[in-house]
Undergrad: 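Shown below is the structure under consideration.
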Number of protein chains: 2
Amino acid sequence: MTNENTGKGRVTVRRIAEEAGLTIGSVSSVLNNKHVERRISPATVAKVRETAARLGYMPNINARRLRSGSESLNTVTLAVITSYEAPLTLVNNIIKAIRTSVDQERKEGSPYHYTVTIEMFPAGDLGSVPGLLAGSHFNAAIITNTTPKDDHFLQRNQLPYPVVLVNRATPGYAHVYEEPEIGASAADMLVDAGRKRLAVLHGSPVTQVIDNRTSSFMRQVSERLGAPVHEIVAGTLTESAAAEAMARFFDGGKRIDGLYAVTDGMALGAYHAIKQAGLTIPDDVAVVAAGDYNFSSLFDPPLATVGADPREQGAEAVRLLLDLIHQRRSRKTDVVMPGNPSPRASVGQA
Amino acid sequence: MTNENTGKGRVTVRRIAEEAGLTIGSVSSVLNNKHVERRISPATVAKVRETAARLGYMPNINARRLRSGSESLNTVTLAVITSYEAPLTLVNNIIKAIRTSVDQERKEGSPYHYTVTIEMFPAGDLGSVPGLLAGSHFNAAIITNTTPKDDHFLQRNQLPYPVVLVNRATPGYAHVYEEPEIGASAADMLVDAGRKRLAVLHGSPVTQVIDNRTSSFMRQVSERLGAPVHEIVAGTLTESAAAEAMARFFDGGKRIDGLYAVTDGMALGAYHAIKQAGLTIPDDVAVVAAGDYNFSSLFDPPLATVGADPREQGAEAVRLLLDLIHQRRSRKTDVVMPGNPSPRASVGQA
DNA sequence: CGACATTGCTAAAACCTTTTTTCTTTAGCA
DNA sequence: TGCTAAAGAAAAAAGGTTTTAGCAATGTCG
């Protein structure tokens with residue numbers, strides 16, 4: 001049984017009321033299971049239920065929340081906005097950080113309720129997020145995994161609500177971003193370990209963060225070695241795409257002794273391809289990656305990383321956003337996350 | 001500058017209007033940047049802006065969405081509900097599946113707009129999710145990572161809107177769950193490889209899925225070997241907790257030749273501990289895990305898994321939910337995901 | 001048999017916005 | 001001066017829902 005609502009717009013309580021020959025109020029009482037206290041007769045209850053089911057009634061959540069409860073008065077809607085293609089690990093950390101902070105506030109007696117929504121956009125098309133410009137869908141947002149194109153969009157259109165960008169700095173917004181020189185630190189690790197023939201492994205989408213990691217690495221290598229860097233480009237930022245790209249690279253007969261992967265997930269893929277090619281880490285190829293996961297120390301051999309702790313980064317972004325929302329201007333408006341180098345066995349360090 | 005709203009309830013446009021000696025309509029025009037077309041004087045614009053900023057105005061999103069746009073008429077709010085403690089990998093897959101399905105529908109001319117919200121609850125306290133019983137916050141939900149306690153809650157309180165449980169089957173709900181016998185398949189893999197001294201590695205929270213994986217493994221081992229199974233319990237379901245628990249186990253002088261990890265992330269932790277202990281995989285210890293990630297084939301050695309593809313599982317849950325929402329009853333109401341065994345090197349198979 | 005409850009429903013207010021319509025002032029011009 | 005036009009702001013309507021107050025008919029009881 002498909003619903004019988006034939007094109008006359010969405011089914012509302014009013015529509016049900018008309019159809020059933022009743023008042024909006026009575027219908028509402030039944031639909032909210034208040035028919036006992038409101039003394040609605042069983043026959044009426046049945047009729048309303050039947051009609052609602054037949055028409056495929058779906059309540060308008062906005063109207064419902066608007067009307068009911070002082071609770072709605074203090075509801076703040078937060079959006080986490082990310083591109084489709086990017087890995088969700090950072091988003092996870094942000095979501096968890098939001099829920100943690102919010103619960104904390106709650107315990108401290110804040111009257112606010114928070115709702116968290118997720119919006120995704122095709123990389124480069126941030127503008128397609130509904131309600132983004134008007135602010136009609138949320139009160140504040142954390143935006144991440146943007147491409148340079150998206151950042152330009154943000155610069156052209158100043159969003160009229162509190163926003164924290166987890167990304168490269170963009171004028172006019174609060175932001176949290178990892179120290180830009182982590183690619184350089186990675187280069188240092190490899191060069192200091194005596195490696196000469198280096199490669200960088202990256203892929204699409206080329207978000208600002210990825211671009212940053214890549215370019216600072218290449219710049220530093222060029223500065224210290226004066227040698228070119230192999231650029232190995234995977235189709236996506238996934239582990240398996242990384243493995244494939246590396247395998248292709250080795251099949252091409254190319255040889256390197258040091259590799260920088262822009263995410264540690266990609267490094268895992270690279271590990272596999274390297275071992276597959278009969279090479280050892282770090283003796284034949286030293287590997288270092290930017291750290292997104294928190295378990296790269298469990299790789300075999302433990303993976304050297306340089307990078308900001310993504311959990312800390314998520315927490316910092318949320319802290320910033322809540323400060324903006326509550327107009328606590330005492331706090332700073334942007335945060336650079338230090339990229340702690342963790343030299344580990346994959347570059348020959350204990 | 002903290003906002004000056006002193007406890008008189010939330011700041012609304014009305015409040016701003018009073019404070020500024022204007023009408024609601026004028027205030028609204030300014031706040032929506034319509035002051036040019038609506039011919040509001042610059043002085044008034046400034047006054048409104050100043051007042052809004054001073055009071056810390058935050059628009060009521062529900063009221064805004066209710067009023068503006070036919071778009072709001074066809075908005076469906078979907079919730080993804082999960083426990084805090086559980087890993088978000090399944091949730092990721094669900095979110096991505098939602099966005100994909102929804103875009104697909106969109107292209108096919110569906111008039112609906114979808115909003116996705118995330119709700120989290122402390123494991124065992126599903127009831128604390130706001131709006132859960134009344135359905136006042138969303139039109140439909142996918143609920144996952146529940147504990148047995150949560151499932152009882154769901155059974156006692158039938159939720160008055162479409163719900164898909166990603167979990168063990170619960171009467172009265174549509175559900176997607178992985179084939180219950182995957183623990184048994186894992187046991188078979190280990191026993192068939194000639195392993196006799198087996199252990200299972202799990203941790204909190206003990207969701208239905210985890211419980212299922214564990215108990216079917218133990219049952220099958222007991223049936224086939226008649227021998228007891230070591231139960232190694234990690235603090236959480238994370239990689240590092242798994243590594244620690246395994247290290248403790250080995251430190252206790254215990255010896256095993258086969259291990260079943262309830263998630264492949266935990267298997268990664270176990271790998272590390274096993275190698276740390278000077279043992280090799282699979283010669284000394286064969287390892288098999290239930291597959292949550294999609295890169296376990298890149299582990300060293302490639303990890304044997306039995307498990308449902310989490311991407312497929314997410315997609316299936318979303319398909320089910322949309323069917324329920326649109327009352328397409330032709331489709332089935334529950335789905336059992338087959339647990340495809342992937343024997344790999346970690347159990348001595350190519 | 002009149003006061004009073006109970007039943008089952010209707011009517012209307014309220015939630016907070018946005019948008020459209022209407023009204024009042026002021027300015028411009030002949 | 002008398003009229004029109006423009007500017008600026010007020011007023012009202014609309015959006016879907018829940019809840020409160022109330023009304024008419026019927027039943028109960030002293």
Undergrad: Without decimals, in angstroms, what is the distance between A:Asn62 CG and D:dG15 P?
TA: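 Spelled out: CG on A:Asn62 to P on D:dG15 is 15 Å.
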Undergrad: Take the protein atom CG of A:Leu31 and the nucleotide atom C1' of D:dT19, then report the distance between them rounded to whole Å.
TA: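 Result: 15 Å.
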Undergrad: Just to confirm, is there a sub-4.0 Å distance from OP1 or OP2 of C:dT19 to any side-chain nitrogen or oxygen of B:Lys34?
TA: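 True: B:Lys34 side-chain N/O within range (under 4.0 Å) of C:dT19 OP1/OP2.
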Undergrad: Could you tell me how far apart A:Asn139 (CG) and C:dT17 (P) are, to the nearest whole angstrom?
TA: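 Nearest whole value for this atom pair: 10 Å.
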Undergrad: What residues, two or more places apart in sequence or in another chain, satisfy side chain to side chain donor-acceptor pair (under 3.5 Å) together with A:Asp103?
TA: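 A:Asp103 satisfies side chain to side chain donor-acceptor pair (under 3.5 Å) with B:Tyr84 once adjacent residues are dropped.
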Undergrad: Out of C:dT17, D:dT17, D:dG16, which has the shortest distance to the side chain of B:Arg64?
TA: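 It is C:dT17.
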Undergrad: Taking atom types as modelled and ignoring hydrogens, do the side chains of A:Glu105 and A:Tyr114 form a donor-acceptor contact shorter than 3.5 angstrom?
TA: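 Per modelled atom types, A:Glu105 and A:Tyr114 side chains form a pair under 3.5 Å.
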Undergrad: With a 4.0 Å cutoff (strictly under), does any side-chain N or O of A:Ser28 reach OP1 or OP2 of D:dT18?
TA: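 For A:Ser28, the contact criterion (side-chain N or O under 4.0 Å from OP1 or OP2 of D:dT18) is met.
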Undergrad: Rounding to a whole Å, what distance do you find between A:Arg14:CZ and C:dA12:C1'?
TA: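 That distance rounds to 12 Å.
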Undergrad: Can you give me the closest heavy-atom contact between A:Arg99 and A:Val116, atom names plus distance?
TA: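 Closest pair (atom of A:Arg99, atom of A:Val116, distance): NH1-CG2, 3.8 Å.
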Undergrad: Report yes if at least one side-chain N or O of B:Asn60 is closer than 4.0 Å to OP1 or OP2 of C:dT17; otherwise report no.
TA: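 So the side chain of B:Asn60 is outside the cut-off, no N or O lying under 4.0 Å from OP1 or OP2 of C:dT17.
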Undergrad: Could you tell me the separation between the CG atom of A:Leu66 and the P atom of C:dC15, rounded to a whole number of Å?
TA: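 Distance, rounded to whole Å: 9 Å.
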Undergrad: Measure the distance from CZ on B:Arg65 to P on D:dG16 and round it to the nearest whole Å.
TA: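 After rounding, the gap between these two atoms is 14 Å.
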Undergrad: Can you tell me if B:Tyr57 touches the phosphate of C:dC16, counting only side-chain N or O atoms and a distance under 4.0 Å to OP1 or OP2?
TA: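 No, because none of the side-chain N or O atoms of B:Tyr57 sits under 4.0 Å from OP1 or OP2 of C:dC16.
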Undergrad: Classify the nucleic acid contact of A:Thr12 as base, sugar-phosphate or nothing, counting any heavy atom under 4.0 Å across all strands shown.
TA: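 Sugar-phosphate, no base atom in range.
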Undergrad: Among A:Lys107, A:Arg106, A:Glu108, find the residue that satisfies the side chain to side chain donor-acceptor pair (under 3.5 Å) test when tested with A:Gln104.
TA: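 Of the listed options, the one satisfying the test is A:Glu108.
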Undergrad: Given B:Thr82, which of B:Asn145, B:Thr146, B:Thr144, B:Thr207 fulfils the side chain to side chain donor-acceptor pair (under 3.5 Å) condition?
TA: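 The option that passes is B:Asn145.
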Undergrad: Anything under 3.5 Å between a protein N or O and an N or O of nucleotides 4-13 of chain D, put it in a table, one pair a line.
TA:
residue	atom	partner	partner atom	Å
D:dG8	N7	B:Arg39	NH2	3.1
D:dG8	O6	B:Arg39	NH2	3.3
D:dA9	OP1	B:Thr44	OG1	2.8
D:dA9	OP2	B:Ser41	N	3.4
D:dA9	OP2	B:Thr44	OG1	3.1
D:dA10	OP2	B:Thr23	N	2.9
D:dA10	OP2	B:Thr23	OG1	2.2
D:dA10	O5'	B:Thr23	OG1	2.8

Undergrad: Under a 3.5 Å distance rule, please check whether A:Ser101 uses its side chain to pair with a backbone N or O of A:Ala97 as donor and acceptor.
TA: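 Yes, A:Ser101 side chain to A:Ala97 backbone: donor-acceptor pair under 3.5 Å.
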Undergrad: Let's test this: given Watson-Crick or G-U wobble pairing with both distances under 3.5 Å, identify the partner of C:dT18.
TA: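 Because both required distances fall under 3.5 Å, C:dT18 counts as paired with D:dA13.
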Undergrad: Once you measure the plane-to-plane angle for B:Tyr112 and B:His326, does it fall in the parallel (<30°), tilted (30-60°) or perpendicular (>60°) bin?
TA: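 Plane angle between 30° and 60°, so tilted.
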